[in-house]
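Report on the structure given below.
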Amino acid sequence: MFPLFLTKTPPVLVSPASMSVTYVRRCLHSRTPRRFLHTANPSPTSAPNLFSDPIFKSKVEELISKQHWYNLKELIKPINPSSFLELLLESGFDSSSILGFFRWSKVYHPLENLFKLLVLLVNDKKYPKVRSLLHDFVKNGKTHSVSSVFHTLLTCSDNFCANSIIVDMLVLAYVNNGKLDLALEGFRRAGDYGFKLSVFSCKPMLKGVVKEGKFEVGENVYKEMIRRRIWVDLYTFNVVINGLCKAAKLNKARDVMDDMKVRGIMPNVVTYNTLIDGYCKRGGDGKMYKADALLREMVEQGVSPNERTYNILIDGFCKDDNVGAAVKVFKEMQLQGMRMDVVTFNSLIYGLFGDGKVDEALGLRAEMIHLGLEPNIRTYNVMINGFSKMKMFGEAKELFNDIVKQGLDLNVLTFNTVIDAHSKAGKMEEAVALRDQMLRKLICPNISTYNCLLGGYYRDGNVGAAKELLEEMEEKSVKADLVTYNIRIDAMCKREESRKAVRLLDEMSEKRLFPSHVTYNTLMAGYCQEGNTKAAVTIRKRMEKEGKQPNVVTYNVLIKGFCQKDKLEEANALLNEMLERGLAPNRITYDIIREEMIDKGFVPDIDGHLYKDIVNC
DNA sequence: TTAGGGTTAG
């Protein structure tokens with residue numbers, strides 16, 4: 001569309017190409033230009049070069065520079081705007097004037113002309129204008145394939161530098177307009193066309209890729225940047241390291257940190273914090289030792305930890321069931337005069353509740369208020385969850401009611417927490433009523449909400465209600481996740497339908513859901529409960545084939561299974577296998593050994609210290 | 001410009 005030029009005029013009376021020159025010249029030399037009937041469909045390339053007339057050229061220059069668009073419109077009325085733009089591009093006009101006309105005309109110009117204008121702007125180093133033009137092109141323009149865009153650019157210009165800058169800014173425009181796939185395609189194909197991109201576009205693209213959880217893609221982009229010798233700056237390295245940490249590729253993340261040093265870029269506090277957080281969350285066995293070692297390393301390297309470093313460690317220790325260590329870090333923060341924030345307190349309150357230290361958790365909340373820190377919705381969610389787990393439902397309800405009074409907004413996690421508490425307490429009617437309440441508040445239930453309810457129905461033995469809920473999920477297009485399947489598998493196993501539960505693994509595979517340790521351990525527990533230890537061992541083999549090594553729960557399940565079949569020697573062998581693998585027995589292992597072995601007169605052949613611990617426990 | 005906290009499953 002070309003709203004400023006299209007008029008509801010009668011049909012063509014003359015050919016615009018021949019008429020327009022005469023007309024325009026007449027207009028220029030007469031005071032009052034007369035109205036002109038122009039073509040409804042002028043040929044885009046038919047306009048002769050009007051700018052050979054210096055008077056006309058200077059008039060156009062004047063009108064554009066003064067932004068007298070109405071007069072310009074009258075002057076060039078018979079000429080197709082695209083043709084006029086082409087004339088401007090070919091007639092040595094300055095880039096700003098051409099851009100002025102381009103923007104004012106509000107018409108879809110052929111891609112070639114856009115790129116010719118962009119090259120002119122790049123040559124004049126008017127980069128913000130290039131960025132803005134490309135942004136509009138991506139946002140409002142027709143969708144062109146990346147290859148057609150690149151091909152057109154090559155036909156318009158052989159200036160390697162200018163072309164590369166344009167493509168760089170185009171990729172950035174794709175990212176900024178949420179078209180990450182096009183940005184990635186642009187990045188990949190740029191090499192084929194000989195365009196060199198820069199960190200200017202690669203960094204936001206990587207950021208977007210990591211944010212969307214496409215860690216593998218991010219890793220490949222980084223490798224390709226190195227291969228194409230694209231300069232990588234500190235921030236981009238940090239984005240790459242963050243992506244690798246989130247994908248649990250911690251060794252690779254470390255390699256990248258070493259690589260950046262080789263390239264003369266020293267890791268900063270963000271680099272170390274990212275890695276420390278990676279180890280805290282996904283570092284496997286001894287993860288907190290590794291995190292602590294990194295903390296020492298950063299200090300040795302002259303990088304000072306900040307508040308966030310300590311927050312990461314506090315959270316890590318709390319999640320590792322080591323609140324004592326978390327409290328030490330907290331006290332260290334106090335000693336160093338560091339400013340603690342709501343995150344510090346939320347993490348520690350979470351840890352204290354998990355350790356059953358309700359009074360200390362409450363004391364901490366009082367301390368945070370004393371320091372002028374307002375508890376936020378996460379503080380409430382942590383505390384409601386903590387109280388619920390301690391079966392202190394009165395306190396949990398009081399806090400739930402307090403949230404709105406404090407002017408905070410309830411969110412889906414608040415509801416999921418209370419729905420789960422009710423479902424675990426066997427109060428399914430209340431749980432469903434809470435779900436209705438959240439709907440009235442326009443808070444959309446998510447898959448976790450459904451999982452909480454589903455678990456509740458199965459615990460109640462209400463298979464019918466659970467089935468209806470699964471159908472409702474289907475109707476509402478709420479996709480089942482790994483937890484949904486684990487809940488269903490657990491319910492089937494508890495009904496002694498383990499063989500049927502195993503078939504759900506195929507359904508999961510169709511939905512590209514990968515079974516976890518929980519999935520396999522649940523199935524093993526099901527078979528053991530049915531007395532079928534042979535089938536349980538088959539599941540273990542299947543799990544190992546999938547690259548998952550047995551964990552403490554796996555051993556606990558199997559050891560208990562063998563004990564209950566009176567296969568105590570085999571149970572003892574499993575126990576020693578677990579110890580040889582460096583897996584520490586937990587309280588449940590202790591209970592099994594005591595109740596299923598020692599109390600039944602069997603003396604397990606294990607390390608003497610461990611035996612003593614178990615007996616004294 | 002890059003880094004931290006809350007729900008559901010064994």
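Chain identifiers are assigned alphabetically (A, B, ...) following the order of the sequence lines, protein sequences preceding nucleic acid strands; residue numbering begins at 1 within each chain.
Set against B:dA3, B:dT8, B:dG10, the side chain of A:V553 has B:dG10 as its closest nucleotide. Comparing B:dA3, B:dT7, B:dG10 by their closest approach to the side chain of A:H517 singles out B:dG10. Minimum atom distance to the side chain of A:L482 is reached by B:dA9, of the listed B:dT8, B:dA3, B:dA9. Relative to the side chain of A:V239, the nucleotides B:dT2, B:dT1, B:dT8 differ in distance, and B:dT2 lies closest. Nearest to the side-chain atoms of A:N411 among the listed nucleotides B:dA3, B:dG6, B:dT1 stands B:dG6. Comparing B:dG6, B:dA3, B:dT2 by their closest approach to the side chain of A:T274 singles out B:dA3. Distances were taken from every side-chain heavy atom of A:Y235 (C-beta onward) to each of B:dG6, B:dT1, B:dG10; the shortest belongs to B:dT1. Looking at the side chain of A:N486, the nearest of the listed nucleotides B:dG10, B:dA9, B:dA3 is B:dA9. Listed nucleotides: B:dG10, B:dA3, B:dT8. Nearest to the side chain of A:N551: B:dG10.
Between the P atom of B:dT8 and the CZ atom of A:R488 lies a distance of 21 Å, rounded to the nearest Å. In this structure, the CG atom of A:D341 is 13 Å from the C1' atom of B:dA3, given to the nearest Å. Rounded to an integer number of Å, the gap from CG of A:N381 to P of B:dG6 is 10 Å. Here the C1' atom of nucleotide B:dA3 and the NZ atom of A:K203 are 15 Å apart, to the nearest Å. Straight-line distance from the OH atom of A:Y458 to the P atom of B:dT8: 19 Å, rounded to whole Å. A straight line from NZ of A:K548 to C1' of B:dG10 spans 14 Å, rounded to a whole angstrom. In this entry the distance linking CD1 of A:I588 with C1' of B:dG10 reads 9 Å, nearest Å. B:dG6 atom C1' lies 18 Å from atom CD of A:E374, rounded to whole Å.
Contacts of A:I487 with the nucleic acid, taken as non-hydrogen atoms under 4.0 Å apart, involve only primed sugar atoms and P, OP1 or OP2. As judged by a 4.0 angstrom heavy-atom cut-off over every strand, A:K389 is placed among residues touching the sugar-phosphate backbone only. Contact annotation for A:I377: base contact, defined as any heavy-atom pair under 4.0 Å involving a base atom. Residue-level contact check: A:K319 touches the backbone only, with heavy atoms under 4.0 Å from sugar-phosphate atoms and none from bases. Nucleic acid contact for A:V557: none, since no nucleic acid atom lies under 4.0 Å from a heavy atom of the residue. Among the protein residues, A:D233 comes within range of no part of the nucleic acid, since none of its heavy atoms lies under 4.0 Å from any strand.
Checked by atom type, the side-chain pair A:N521/A:N551 shows a donor-acceptor distance below 3.5 Å. Between A:N401 and A:K397, the side chains place no donor N or O within less than 3.5 Å of an acceptor N or O (distance only, hydrogens not considered).
OP1 or OP2 of B:dA9 lies within a sub-4.0 Å distance of a side-chain N or O belonging to A:K424. For B:dA3, one of the phosphate oxygens OP1 or OP2 lies less than 4.0 angstrom from a side-chain nitrogen or oxygen of A:N242. Within the 4.0 Å cut-off from OP1 or OP2 of B:dT7, at least one side-chain nitrogen or oxygen of A:N385 is found. Dashed line: the shortest gap from a side-chain N or O of A:Y350 to OP1 or OP2 of B:dT7 is under 4.0 Å. Side-chain N/O atoms of A:K207 include one lying less than 4.0 angstrom from OP1 or OP2 on B:dT2.
Checked options A:V240, A:V239, A:V221, A:V217; the residue passing with A:V210 is A:V239 (criterion: side chain to side chain contact (heavy atoms under 4.5 Å, CB included)).
Aromatic ring centres of A:F330 and A:F345 lie closer together than 6.0 Å.
Taking a 6.0 Å sphere around CD of A:Q549, one finds it holds more than 12 heavy atoms contributed by other residues, nucleotides or ligands.
Between the side chain of A:N385 and the backbone N or O of A:T417 there is no donor-acceptor pair closer than 3.5 Å. Judged by distance alone, the side chain of A:D341 and the main-chain N or O of A:T344 form a donor-acceptor pair under 3.5 Å.
Not a single donor-acceptor pair, N or O on each side, falls under 3.5 Å between the base of B:dT7 and the side chain of A:T417. For A:N556 against B:dG10, a side-chain-to-base donor-acceptor contact under 3.5 Å is absent.
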